[in-house]
Amino acid sequence: MKDVTQLGEGWSLRHGEELLEARVPGCVHTDLMAAGVIPDPFLGRNETEVAWVGRRPWTYVTRLHHDSPHERTDLVFDGLDTAASVTLDGRPVGTARNMHRVHRFDVTGRTGELLVRFASAYDEAESVRAAVGERPNVYPEPSQYLRKMACNFGWDWGPTLVTAGIWRPVRLEHWSTARIAAVRPLVTVEAGTGHVEVHLDTERTALGRGRTLRAEARIAGVRAETAFTGDTAVLRLEVPEPRLWWPRGYGEQPLYDLEITLYDDEDPLDTWHRRVGFRTVELDRSADEHGTGFTLAVNGVRIFARGVNWIPDDAFPSRVTPERYRTRLTQAADANVDLVRVWGGGIYEDDAFYDTCDELGLMVWQDFLFACSAYPEEQPLRGEVEAEARDNVVRLMPHPSLVLWNGNNENLWGFRDWGWEPTLAGDSWGEGYYLGLLPRIVAELDPTRPYTAGSPWSGSWDHHPNDPAHGTHHSWEVWNRQDYAEYRASVPRFVAEFGWQAPPALATLRRALPGEALAPDSPGMLHHQKAEDGNGKLNRGVARHFPLPDGDFDRWHYLTQLVQARAVAAGIEHWRSHWPVCAGTVVWQLNDCWPVTSWAAVDGDGRLKPLHHELRRVYADRLLTLQPDGPGLVLAVINQSAEPWRARVALRRLTADGTVLAETAVDAEAGPRAVLRLPVPEDLAPAAGSAKEFLVADADGLRALHFPVADKDFGYPRPGFDVEVEPVPGQEDKVDVVVTARTLVRDLLLQPDRLAPAAVCDRGPQTLLPGERTRIRVGGPGPVDADAVRAALFCVDPV
Ligand code: BMA
């Protein structure tokens with residue numbers, strides 16, 4: 001039987017004459033930090049100070065002892081970042097130039113000093129650039145000339161910290177006769193029967209060649225076996241009436257253990273195990289009267305995808321543990337998200353990411369790793385791209401959560417719109433990957449899953465790649481140049497990216513910018529804002545709705561966070577109200593990779609921004625929203641559950657002081673997974689341009705509001721409310737904050753980290769009418785009284 005030894009211990013990093021203790025998996029930056037050689041690059045402006053690290057070669061060293069009776073010993077690196085040469089006892093073992101591949105080197109009978117020498121990623125990229133010629137890139141960095149996480153070179157939310165290191169586990173595998181090289185389970189469901197077609201690839205030693213071996217597969221009490229003499233075998237299993245795997249909110253997530261064993265006579269040589277799930281997935285891209293759709297269907301149920309974009313959770317991805325993946329993905333699930341798009345400027349994530357998505361019922365859309373630049377198709381890149389795609393398609397395809405492969409991020413769009421086409425003047429730029437190589441690999445290895453060439457992509461060059469009427473669309477004009485209300489100007493078929501920035505939680509800023517007198521433009525705040533004119537866009541976004549606070553950082557912070565939440569909600573409420581024409585929204589972005597002002601809903605320290613709470617509301621199965629529609633208003637009753645929603649909707653036209661001017665109740669029934677759009681009766685709609693009236697719709701504990709004018713023009717009263725702090729019986733680490741409104745209180749928000757850095761609460765912005773009361777549960781605030789709570793509460797205030 002194959003025998004595996006992990007090689008995580010006993011590594012050192014050479015730093016001049018010194019040998020520093022090294023972590024494997026890890027990277028140079030984290031080792032240098034642990035040794036006190038560099039400060040934490042995430043704090044203050046240290047990023048700039050440590051830029052030299054990425055410009056140097058680095059060497060990792062350990063001693064390799066092994067003594068095995070097996071015929072073969074392989075040294076297997078799950079991830080080398082990036083340009084590496086490996087030697088053992090002074091003699092070459094192999095080289096690597098791709099962070100996204102597994103490297104396996106035959107080291108049979110060899111021991112001694114093991115060195116892994118990394119060239120600077122810049123040197124490697126620049127030498128490839130010199131060989132293949134320069135290509136356009138949105139960022140002034142050479143990220144497209146080597147196969148390394150692109151955002152490592154900096155992004156509009158990420159630091160430039162160019163890493164090197166053994167970033168995934170390394171081990172020795174000792175084996176004889178044959179080993180399992182790859183297993184590809186093709187899982188399908190037909191007429192209630194589950195089919196698993198297992199494609200097995202093996203590697204044999206010289207002695208094992210030509211020998212008759214036996215492979216056995218087991219799942220759910222069903223067994224198949226086959227004897228074979230070549231390198232490959234196919235086993236077919238039929239599972240009668242398997243329980244189906246569903247996205248969360250649609251059903252359960254049953255997972256089945258699939259076990260493969262390779263035998264030589266009765267002796268097991270190698271085994272493989274994964275959990276798989278039974279479900280079908282289709283992507284409907286048929287043409288209709290609106291253009292070309294883009295609708296996912298799982299087990300035949302068509303789905304409005306409630307998505308978020310995922311970026312690497314740490315600028316040093318080797319630090320992300322399975323527990324951290326679980327925490328972050330649980331935060332997504334808590335926000336009623338059902339789809340996570342792994343964005344192409346990052347990595348193929350660790351298995352723990354996809355395991356967690358399988359369990360939580362989060363559908364995964366996986367980009368191939370190409371983002372925002374023109375990628376050469378010449379060698380040595382072409383071969384690396386092919387090898388990396390094969391490795392990762394095979395690794396990820398057992399996961400039922402994986403529903404879609406996507407060729408790239410924004411490169412088809414960039415070619416057409418961002419001046420690349422003329423600059424390239426016929427040079428290769430990646431089209432051959434997205435429209436040729438990658439779909440061929442997916443069709444060959446993973447034919448049960450859909451592939452789309454890019455995001456955005458209209459389906460063909462017949463339409464502009466970002467045409468909202470065809471396929472996927474990225475909606476960035478609004479954040480860049482317009483008011484968030486402009487999201488309502490179009491109904492794209494699928495919004496794969498859109499978003500709005502806000503600063504992280506205050507406690508995150510205080511930790512990241514120690515000692516700084518915080519201001520929107522204080523040095524650390526500007527350093528931790530990477531977007532082009534980011535603060536200008538933030539300020540203009542606020543100023544369209546509120547007087548821009550002058551010299552009041554806390555209010556600026558509240559308003560920017562509030563506008564972020566409102567903006568994203570405005571987009572989602574509008575687009576969901578147009579299901580099934582629009583079949584999904586994928587918010588840019590769920591998470592951050594360090595403490596930064598960004599589009600994220602969860603900040604770099606894992607704290608929730610108000611947007612996270614808003615997502616929970618607007619991504620819930622049931623959503624009530626009021627939408628402008630021509631000269632009037634529409635009440636959209638949105639129901640994504642399998643049951644009809646029979647709602648009695650109370651509509652009230654109110655004045656700013658709470659006087660009811662008109663009211664009515666309408667019975668509305670939205671069918672299963674359907675939207676009902678009802679015109680608001682004319683006498684209920686507040687007069688256009690009125691600074692005094694607004695409309696409230698309430699049903700089943702949900703509320704929708706419509707104010708005819710911007711907040712700065714509305715006649716809000718000075719907000720008045722009472723605050724009480726109540727203990728929570730039996731839960732000493734929690735309190736309830738009870739707020740009772742004496743006036744209209746708009747967008748009341750508790751920022752729990754102001755009470756204690758680790759405190760959390762269960763509510764985002766909420767609007768109370770005079771006399772209404774809300775209860776906000778706070779976890780971990782420590783001893784607090786009403787005054788402390790008041791200092792952490794914000795709301796819209798006319799002065
Ligand atoms: C999209 C993404 C990222 C970027 C984001 C915000 O284009 O694909 O490249 O971070 O917008 O600008």
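All values derive from a computational prediction rather than experimental measurement.
- Between Trp157 and Trp343, the ring centre distance stays below 6.0 Å.
- Look at Asp288 and Arg493 and you find a salt bridge, because one of the NZ, NE, NH1 or NH2 atoms lies within 4.0 Å of a carboxylate O, short of that distance.
- At a threshold of 4.0 Å, the pair Asp367-Arg341 counts as salt-bridged, since one of the basic side-chain nitrogens sits closer than that to a carboxylate oxygen.
- A ring-centre distance under 6.0 Å is not found for Phe153 and Tyr139.
- Taking each heavy atom of Phe368 and Gly407 in turn, the nearest pair found is CB-O, 3.5 Å.
- Salt bridge present: Glu614 and Arg617 bring a charged side-chain N and a carboxylate O closer than 4.0 Å.
- Checked by atom type and distance alone, the side chain of Tyr487 never pairs as donor or acceptor with a backbone atom of Ala567 at under 3.5 Å.
- Nearest heavy-atom pair across Lys609 and Ser598 is NZ-O, 3.0 Å.
- With values rounded to the nearest 0.5 angstrom, Leu438 atom CG is found 10.5 Å from Arg390 atom CZ.
- Taking the six-membered ring where the residue is Trp, the centroids of Tyr434 and Trp457 are separated by 6.0 Å or more.
- In summary, the aromatic rings of Phe498 and Trp479 are positioned with their centroids too far apart to meet the 6.0 Å limit.
- Between Trp476 and Trp588, the two ring planes are perpendicular [angle over 60°; tilted spans 30° to 60°].
- To the nearest 0.5 Å, atom SG of residue Cys357 and atom CD of residue Gln366 are 10.0 Å apart.
- The backbone N or O of Pro580 lies less than 3.5 Å from no partner atom in the side chain of Arg302, so there is not a single donor-acceptor pair.
- With 3.5 Å as the limit, one finds a donor-acceptor pair spanning the side chains of His474 and Ser455.
- Among Lys148, Arg147, Arg168, the one residue that satisfies the salt bridge (Lys or Arg N to Asp or Glu O under 4.0 Å) test with Asp81 is Lys148.
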